[in-house]
Student: 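Handing you this structure, nothing more for now.
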There are 2 protein chains.
Amino acid sequence: MEKELDQVSSCIRLFADQVQIQVCKEILDENDDAFTRLSQVYALAGNDARLKILYLIQQQNELCPCDLSDILQMTVPAVSQHLRKLKDASLVRTRKSGQTIFYSIIPDQADVINQLFIHIPNPESIAV
Amino acid sequence: MEKELDQVSSCIRLFADQVQIQVCKEILDENDDAFTRLSQVYALAGNDARLKILYLIQQQNELCPCDLSDILQMTVPAVSQHLRKLKDASLVRTRKSGQTIFYSIIPDQADVINQLFIHIPNPESIAV
DNA sequence: ACATTATTTAAGCAAATACTTAAATAATGT
DNA sequence: ACATTATTTAAGTATTTGCTTAAATAATGT
C-alpha cells in the first residue's frame, strides 16, 4: 500500500526511508567518477608491497626497480610488475638514465599519494 | 671489492647508495605494523562497492544491509559479505533493532575512514 | 662484436576475490 | 504454531591477483 517501486526491491520494510535511499543514490551517482578513481587508487595501495613502494618513491623522490628490490627483499620482476600497475594508473612516471630507470611520483598525484601516509609517523632521522 | 653484502643482491650497480637503502629498510621496519594495517584498510576501500558502503555508512550514521542493497543495486548477500569484511577489520560495528541490523562506523576509526573521502565533494544538499 | 647489467615481458600457477544461488538463523506478526 | 521478513552463512565458480622462472630488450663497457 505504501510501495510504488517499479523495481522489485529486496527490502520490504514498511519504515524504509525511501527519500533517504533516493538521496543516497543521487549522491553516489553524482560522484561516480570520483569513487571509481578512488577505489582504483586504494586497490593499488591495498597491497603491502605497493604501498611501501609508493611511500619510498614519494619519500626518496625517485628510486629504481633495482633499489626497491633490495629494500623490499623481493625479486626484480615482482617489483617491476607492481611499478607497471602504478604507472598504468598514472601515479608514477619514469626517467631513464643509462640503463637505470628512475620512478617518481607524478606531481599531480602527489596530494592523493601523500594522503595515503598521513598516519605514518614522519622520520626525522632522514637527515643522514 | 665494494661489496660485502651477506645476501646476494639482485642489484649490482657500483653507485648504488647502500646507505640510502639501509635507511629505507629501517624506516619500513620501524613502521611495519602501520603499513600492514594501512594496506589492509586500503585493500578494503579498494573495492568500489565497499568504498561506497563505507561512505554511505559514515555519511548517514547508520544503515542496514537491506537499505545498502537498495542503494547500491546489489544482492543482499553480496552486501552482507562486504559488511562482514569491514566488521572483521574492526571498521564498522552493528546495532540490532528488531530484525534489522544497523551498521555504523566504529568511532576510533572515523578519522581513518573520513580520510578516505576527502577528495569527494561534500554534499550540502543533504539537508532534506 | 660480445659479455654484462638493468629492466621488462611472458607464461604458468596457487591463492584470493567477488559474485551467484540455496539454505540456515532469528525476530515479528497473525 | 506458522508464515513472513531481515540477515547471515555456505557452496560453487569465474575472474583477478601476485608471485615464480625463463626469455626478451636495451644500454654499457671492453
Side-chain angles (χ1 to χ4, degrees), chain A residues 1-3 5 8-17 21 39-40 42-53 57 62-89 92-104, chain B residues 2-3 8-17 21 39-40 42-53 57 62-89 92-104:
Chain A
M1 217 176 243
E2 267 266 337
K3 305 182 57 199
L5 298 171
V8 182
S9 169
S10 52
C11 184
I12 329 189
R13 282 175 304 125
L14 294 177
F15 58 91
D17 186 341
I21 288 176
S39 69
Q40 183 198 20
Y42 292 141
L44 289 167
N47 173 277
D48 198 67
R50 244 167 2 229
L51 186 65
K52 288 173 179 170
I53 289 175
I57 292 178
E62 57 178 17
L63 282 170
C64 61
C66 194
D67 285 343
L68 286 168
S69 162
D70 271 4
I71 298 167
L72 297 169
Q73 306 276 70
M74 52 195 297
T75 67
V76 173
V79 169
S80 180
Q81 282 158 26
H82 283 309
L83 287 169
R84 189 178 210 298
K85 291 187 182 184
L86 296 176
K87 197 178 180 189
D88 284 348
V92 303
R93 62 184 179 186
T94 54
R95 174 177 77 84
K96 199 168 194 173
S97 169
Q99 33 181 349
T100 305
I101 295 178
F102 290 100
Y103 282 78
S104 59
Chain B
E2 266 268 331
K3 304 182 60 199
V8 181
S9 170
S10 51
C11 185
I12 327 189
R13 281 173 304 125
L14 294 177
F15 58 92
D17 185 340
I21 288 176
S39 68
Q40 183 197 22
Y42 292 141
L44 289 167
N47 172 278
D48 198 67
R50 249 173 351 236
L51 186 64
K52 287 174 180 169
I53 289 175
I57 292 178
E62 57 178 16
L63 283 170
C64 61
C66 194
D67 284 343
L68 287 166
S69 162
D70 270 4
I71 297 167
L72 297 168
Q73 306 276 66
M74 53 194 298
T75 67
V76 172
V79 168
S80 180
Q81 282 158 24
H82 284 307
L83 288 169
R84 187 179 212 299
K85 293 189 179 183
L86 297 176
K87 197 178 181 189
D88 284 348
V92 303
R93 63 183 178 185
T94 53
R95 174 177 77 84
K96 200 168 193 174
S97 169
Q99 32 181 349
T100 304
I101 294 178
F102 289 100
Y103 282 79
S104 58

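Chain letters run A, B, ... following the sequence lines, proteins first, then strands; residues in each count from 1.
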Student: Would you indicate whether the side-chain heavy atoms of I101(B) and L83(B) approach each other to under 4.5 Å?
Tutor: no

Student: Using whole Å, report how far NZ of K87(B) lies from C1' of dT9(D).
Tutor: 14 Å

Student: Return a single string for nucleotides 15-20 of chain D, one symbol per nucleotide in 5' to 3' order, where B is base contact, S is sugar-phosphate-only contact and - is none, cutoff 4.0 angstrom on heavy atoms.
Tutor: ---SBB

Student: Nearest nucleotide by nearest heavy atom, which residue falls closer to the 5' end of DNA chain C, Q99(B) or Y103(A)?
Tutor: Y103(A)

Student: Could you state the CG-P distance from D67(B) to dT5(D), rounded to the nearest angstrom?
Tutor: 16 Å

Student: Atom CG of L63(A) and atom C1' of dA6(C): how far apart are they, to the nearest Å?
Tutor: 15 Å

Student: Look at the side-chain N and O atoms of R84(B) and state whether any lies under 4.0 Å from the OP1 or OP2 oxygen of dT9(D).
Tutor: yes

Student: Can you check the D70(B) CG to dT7(D) P distance for me, whole Å?
Tutor: 10 Å

Student: Is a side-chain N or O of R50(B) found less than 3.5 angstrom from the main chain of H82(B), in a donor-acceptor match?
Tutor: no

Student: Hey, what do you get for NZ (K87(B)) to OG1 (T94(B)), rounding to the nearest 0.5 Å?
Tutor: 3.0 Å

Student: So what does the secondary structure string of DNA chain C come out as, 5' to 3', with Watson-Crick or wobble pairs under 3.5 angstrom, [ ] for crossing and | for pairs with another strand?
Tutor: ||||||||||||||||||||||||||||||

Student: Mark yes when over 12 heavy atoms from residues, nucleotides or ligands other than R95(B) sit less than 6.0 Å from its CZ; otherwise mark no.
Tutor: yes

Student: Expressed as a whole number of angstroms, how long is the span from D48(A):CG to dA15(C):C1'?
Tutor: 17 Å

Student: Tell me: CD1 of I101(B) to P of dT28(C), nearest whole Å?
Tutor: 11 Å

Student: How many angstroms lie between CD1 in I21(A) and SG in C66(B), if you round to the nearest 0.5 Å?
Tutor: 7.5 Å

Student: Expressed in angstrom and rounded to an integer, what is the separation of L44(B) atom CG from dT17(C) atom P?
Tutor: 9 Å

Student: Taking atom OG of S69(A) and atom CD1 of I53(A), what is their separation to the nearest 0.5 Å?
Tutor: 10.0 Å

Student: Let me confirm one number: the CG-CG distance from D70(B) to D17(A), rounded to the nearest 0.5 Å.
Tutor: 11.5 Å

Student: How many Å lie between CG on D88(A) and C1' on dT9(C), as a whole number?
Tutor: 13 Å

Student: Looking at dA6(D), I'd like to know if its phosphate oxygens (OP1 or OP2) sit under 4.0 Å from a side-chain N or O belonging to T100(B).
Tutor: no

